[in-house]
Amino acid sequence: MSVPASFEVSRLIDQPRVDRYAVAARDPNPIHRETPEAYEGPFGQPVAHGMIVLGMVSEAMTQAFGPAWAETGTVKVRWRTPGLTPFTATARAELKKDVDGIATYDVTCTDDRGETLLTGTATVRHA
Amino acid sequence: MTHSLHFTDLEKGQAFARLPLTVTNEDVDAYLESTGESSEPWRELVPPIYLDAIAIATLLSTVAIPKGVMHTGQEHESHRAARIGEPLTLEMRVSAMSERRGAIMAAFEAELTDAQDASVSSMKISVMALPDGVTA
């Protein structure tokens, strides 16, 4: 099986989405919501959960590899810059190597301001 | 929220959570609706990163995390997919705890096992807490 060289997912991350994520993921940290803590905090406004953009990396891997991603996938990322809502995020995967049935991708997530939000590596067994 | 542990009291190697976990269709649907991802691939399987979100929620509900703490990194390794509705067990422990110039770097490992005690997923959450009065 040949694997795709690159693929990506883009989506608007706005405050209502972040608010819904806070409830669904049971993450009550006020820096992610319209709170005094967020506006008085280091970023001066609410920031999106990093896990939302990591979820987009996982979504892209799912679109490319289907259930194999959930069965065999690994991902390791570092967050580089907080996502200041609203922003359009693009999660991108670029093939690094494909050896012995395991594809390794460099993964990134960027925003529409040109900031890199996340970098890392993802692997999946496809054969 | 009442926490049973405080961040600064944690020690490397300390286990701090072991709880039964069953992910429902409603849980998965709410998660996917919030992220915007299609639910089509996830009728039977749990999205792997949702398991990380559950581990983070467990950390946040168990340990009092100081204001200004930043989630700096995340790792996930699937040994197999978690099935919606299956009984699982989540265990968490402190895998690293260090201080440098007043900033605390910590890492928490989470292991998800099934009813046969076989590993389903391994996860690692890395965070950094800046010293009081310092902002990122």
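These numbers were taken from a predicted model, which means no experiment stands behind them. Chain identifiers are assigned alphabetically (A, B, ...) following the order of the sequence lines, protein sequences preceding nucleic acid strands; residue numbering begins at 1 within each chain.
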Enquirer: Would the distance check show the side chain of Glu71(A) and the main-chain N or O of Ala81(B) forming a donor-acceptor pair, the cut-off being under 3.5 Å?
Expert: yes

Enquirer: Quick one: which of Met61(A), Arg125(A), Lys76(A) has the most heavy-atom pairs under 4.5 Å with chain B, could you say?
Expert: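 Counting heavy-atom pairs under 4.5 Å, the top option is Lys76(A).
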
Enquirer: Given that the side chain runs from C-beta out, which part of Arg78(A) has a heavy atom under 4.5 Å from chain B: side chain, backbone, both or neither?
Expert: both

Enquirer: Any idea which of Met123(B), Arg83(B), Lys124(B) has the most non-hydrogen atom pairs under 4.5 angstrom with chain A?
Expert: Arg83(B)

Enquirer: Checking Asp27(B) against chain A: side chain, backbone, both or neither under 4.5 Å from a heavy atom?
Expert: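 When you check distances to chain A, no heavy atom of Asp27(B) falls under 4.5 Å.
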
Enquirer: Hey, quick one: are Phe16(B) and Leu19(B) part of the same hydrophobic cluster, counting side-chain heavy atoms closer than 4.5 Å, chains of contacts allowed?
Expert: yes

Enquirer: Is there a chain of hydrophobic side chains (I, L, V, M, F, W, Y, each step under 4.5 Å between heavy atoms) that links Leu95(A) to Ile102(A)?
Expert: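 No, it is not one cluster - the side chains of Leu95(A) and Ile102(A) are not joined through contacts under 4.5 Å.
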
Enquirer: Only pairs of heavy atoms separated by less than 4.5 Å count here; which of Pro47(B), Ser121(B), Pro48(B) has the most with chain A?
Expert: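 Among Pro47(B), Ser121(B), Pro48(B), the one with the most close pairs to chain A is Pro48(B).
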
Enquirer: Between Ala122(A), Pro82(A), Ala70(A), Ala24(A), who has the most heavy-atom pairs with chain B when the cutoff is under 4.5 Å?
Expert: Ala70(A)

Enquirer: Which one wins on heavy-atom pair count under 4.5 Å against chain A: Glu33(B), Gln74(B), Arg80(B)?
Expert: Gln74(B)

Enquirer: Which one of Ile65(B), Ile49(B), Leu59(B) has the most heavy-atom pairs closer than 4.5 Å to chain A?
Expert: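 Counting heavy-atom pairs under 4.5 Å, the top option is Ile49(B).
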
Enquirer: For the CE atom of Met70(B) and the CZ atom of Phe43(A), what is their distance to the nearest 0.5 Å?
Expert: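 Met70(B) atom CE to Phe43(A) atom CZ measures 6.0 Å (nearest 0.5 Å).
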
Enquirer: Tell me whether Arg17(A) contacts the main-chain N or O of Ser34(B) through its side chain, where contact means a donor paired with an acceptor under 3.5 Å.
Expert: yes

Enquirer: Can you tell me how far CG of Asn29(A) sits from CD1 of Ile56(B), rounded to the nearest 0.5 angstrom?
Expert: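 Here the rounded value is 11.0 Å.
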
Enquirer: In this structure, are over 12 heavy atoms from other groups packed under 6.0 Å from Glu34(A) atom CD?
Expert: yes

Enquirer: Decide yes or no for Leu54(A) and His76(B): does some side-chain heavy atom of the first lie under 4.5 Å from some side-chain heavy atom of the second?
Expert: no

Enquirer: Do the side chains of Asp27(A) and Leu60(B) get nearer than 4.5 Å, heavy atoms only?
Expert: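 Leu60(B) vs Asp27(A): side chains touch.
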
Enquirer: With a 4.5 angstrom heavy-atom cut-off, which part of His79(B) approaches chain A: side chain, backbone, both or neither?
Expert: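 Contact with chain A involves the backbone of His79(B) alone.
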
Enquirer: So which residue, Arg26(A), His49(A), Met51(A), ends up with the most heavy-atom pairs under 4.5 Å with chain B?
Expert: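 Of the options given, most contacts go to Met51(A).
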
Enquirer: What is the distance from atom CD of Glu37(B) to atom CD of Gln63(A), rounded to the nearest 0.5 Å?
Expert: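 If I round to the nearest 0.5 Å, the distance is 7.5 Å.
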
Enquirer: Side-chain heavy atoms under 4.5 angstrom apart, residues restricted to Ile, Leu, Val, Met, Phe, Trp, Tyr: same cluster for Val23(A) and Tyr31(B)?
Expert: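 No.
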
